[in-house]
Amino acid sequence: MLKSLTTTQVWVHDQDEALAFYTEKLGMELREDVTVPEFGNFRWLTVGVPGQEDVSVVLMAIPGPPVFDEETRQRIGELMAKGAATALFFATDDIQSTYDELKSRGVEFQQEPTEQPYGIDAGFRDPSGNSMRMAQLG
Amino acid sequence: MTPVPRERHLLRARDAVDARYREPLDVPELARIAHLSPAHFSREFRRAFGETPHQYLQMRRLERAAALLRQTDRSVANICLTVGLKSIGSFTTSFGRMFGMSPAAYRAAHPPAIKRARVPTCILFAQARPQTAVFEKTARAAPD
C-alpha cells in the first residue's frame with residue numbers, strides 16, 4: 001500500500017530561470033539544490049509550496065546523453081515549448097487576489113479566474129511552457 | 001543558457017488567443033507576439049499545432065459561443081459579439097460548419113440554461129411567489 005505522494009517533476013528549459021519563476025513569481029520555496037560533479041554536474045533542484053512540507057516539485061533539466069539521446073532531448077524540449085509536456089495544479093483560498101498578485105509580477109495567464117462547476121480556476125504558464133492551473137475550490 | 005525553442009513563442013501567441021479571443025485579435029497581431037512575420041507565423045503555427053492561427057482563433061470563439069448558448073439565455077447576436085465576432089451572418093455560417101446546425105438549433109438541442117444554472121433554491125422559491133401575494137403587515141397597514 002502506498003502511503004503518500006512526495007515528489008513530482010516538471011521538465012524545464014533552464015533551471016535558473018525556472019527557479020526564479022517558481023520562487024520569486026509564484027512564491028514557492030527552494031527545498032533542495034544539489035549539483036553532482038560525478039554525474040556530469042547533474043543538478044537536483046526542488047521547490048515546494050510553503051507550509052506543504054511533504055510535497056516537492058523537481059525542476060528537471062532535460063538530460064541529453066547518457067540518459068536520453070540528443071534527438072529525444074530535442075523533442076521533449078519542443079513538446080514542452082508547445083505546452084504538451086507537464087502540468088501542475090495548485091489550490092488557493094482567494095483566487096482573485098492571487099491572480100492580481102501573480103499578474104502584477106508578470107506571470108502569463110491564458111485564462112483569468114473563471115467560474116467552473118467545481119469552483120473558480122485560472123490558467124497560466126511557467127517560462128518553459130508548462131501548463132499551470134490554480135483553483136479556489138467551491 | 002540554451003536558446004528558447006521557437007515553439008515557445010508560438011505557444012505564447014496561442015495563449016494570447018485563449019486569453020483575449022473576445023478582443024479584435026487578428027493574425028498580424030498574433031504574429032507580433034511570436035516575433036514572426038504573419039506569413040511565416042501562420043506556417044510555423046500550423047506545423048507546431050496542426051491548424052492555422054486563424055482556425056485556432058475561430059475554433060476558440062465558436063467553442064465559447066457554444067458554451068454560452070448552453071449556459072446562458074443571452075441572444076445569439078449578443079453571444080456573437082461577446083466572443084469577438086463582428087458579423088452575425090458569418091457567425092451563423094461558421095457555427096453551422098463546425099456544429100452541423102445553427103446557433104438557435106444548437107441551443108434548442110440542449111437542456112435550457114436555467115436547468116444548469118445553480119440558482120439557490122431559496123431564491124427561486126422566493127421568486128416563484130405569486131405576484132398578487134399580499135404581506136399581512138402591508139395589508140393591515142394599507143388603509144383600503
Side-chain angles (χ1 to χ4, degrees), chain A residues 10-21 41 43 59-64 70-87 99 102-103 106-133 138, chain B residues 1-23 25 30 32-36 41 43-53 56-57 59-61 63-68 70-72 74 82-84 110-111 113-120:
Chain A
V10 290
W11 296 121
V12 298
H13 174 67
D14 179 282
Q15 286 180 309
D16 288 326
E17 173 192 60
L19 180 62
F21 174 82
N41 284 330
R43 184 179 178 194
L59 307 178
M60 187 75 90
I62 306 165
E70 187 52 36
E71 191 200 334
T72 302
R73 193 190 65 77
Q74 190 91 20
R75 292 187 66 176
I76 294 174
E78 280 169 21
L79 289 174
M80 179 181 72
K82 281 204 268 186
T86 23
Y99 170 78
L102 298 188
K103 184 111 185 159
V107 174
E108 298 173 35
F109 277 81
Q110 78 269 35
Q111 185 208 302
E112 56 192 37
T114 308
E115 294 228 15
Q116 310 285 4
Y118 46 82
I120 308 171
D121 74 0
F124 54 101
R125 289 207 191 273
D126 80 355
S128 303
N130 296 307
S131 171
M132 313 271 121
R133 296 195 72 83
Chain B
M1 185 166 160
T2 47
V4 174
R6 60 186 159 176
E7 286 82 0
R8 185 66 185 91
H9 298 295
L10 299 169
L11 180 63
R12 186 164 290 118
R14 202 187 69 170
D15 283 348
V17 174
D18 290 343
R20 295 168 45 202
Y21 61 89
R22 303 168 198 83
E23 300 171 24
L25 268 187
L30 295 170
R32 264 194 297 282
I33 294 170
H35 306 297
L36 294 171
F41 168 67
R43 263 197 317 277
E44 290 290 305
F45 190 99
R46 182 166 190 181
R47 191 186 56 78
F49 301 116
E51 59 192 331
T52 66
Y56 186 78
L57 176 60
M59 184 276 292
R60 194 76 177 83
R61 285 173 166 160
E63 166 227 301
R64 281 310 303 158
L68 291 172
R70 295 194 308 270
Q71 293 166 7
T72 74
R74 294 193 191 182
T82 302
V83 300
H110 287 85
I114 188 65
K115 296 238 187 232
R116 296 174 52 101
R118 297 193 299 172
V119 183

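Note on naming: letters A, B, ... go to the chains in the order of the sequence lines (proteins, then strands), and numbering restarts at 1 for each one.
Atom CZ of Arg47(B) has more than 12 heavy atoms from other residues, nucleotides or ligands within 6.0 Å. Other residues, nucleotides and ligands place no more than 12 heavy atoms under 6.0 Å from the CD atom of Glu115(A). For Arg133(A), the CZ atom sits in a packed shell: over 12 heavy atoms of surrounding residues, nucleotides or ligands are nearer than 6.0 Å.
The backbone N or O of Pro127(A) lies less than 3.5 Å from a partner atom in the side chain of Arg8(B), making a donor-acceptor pair.
Annotation for Pro5(B) and Ala81(A): closest pair CB-CB, 3.7 Å, computed over non-hydrogen atoms.
With a threshold of 4.5 angstrom between heavy atoms, Arg14(B) approaches chain A through side-chain atoms but not through N, CA, C or O. Heavy-atom distances place both the backbone and the side chain of Glu78(A) under 4.5 Å from chain B.
By the salt bridge (charged side-chain N to carboxylate O under 4.0 Å, His left out) test, Arg32(B) pairs with Glu29(B), sequence neighbours left out.
Between atom CD of residue Gln110(A) and atom CG of residue Asp15(B) there is a gap of 4.5 Å, rounded to the nearest 0.5 Å.
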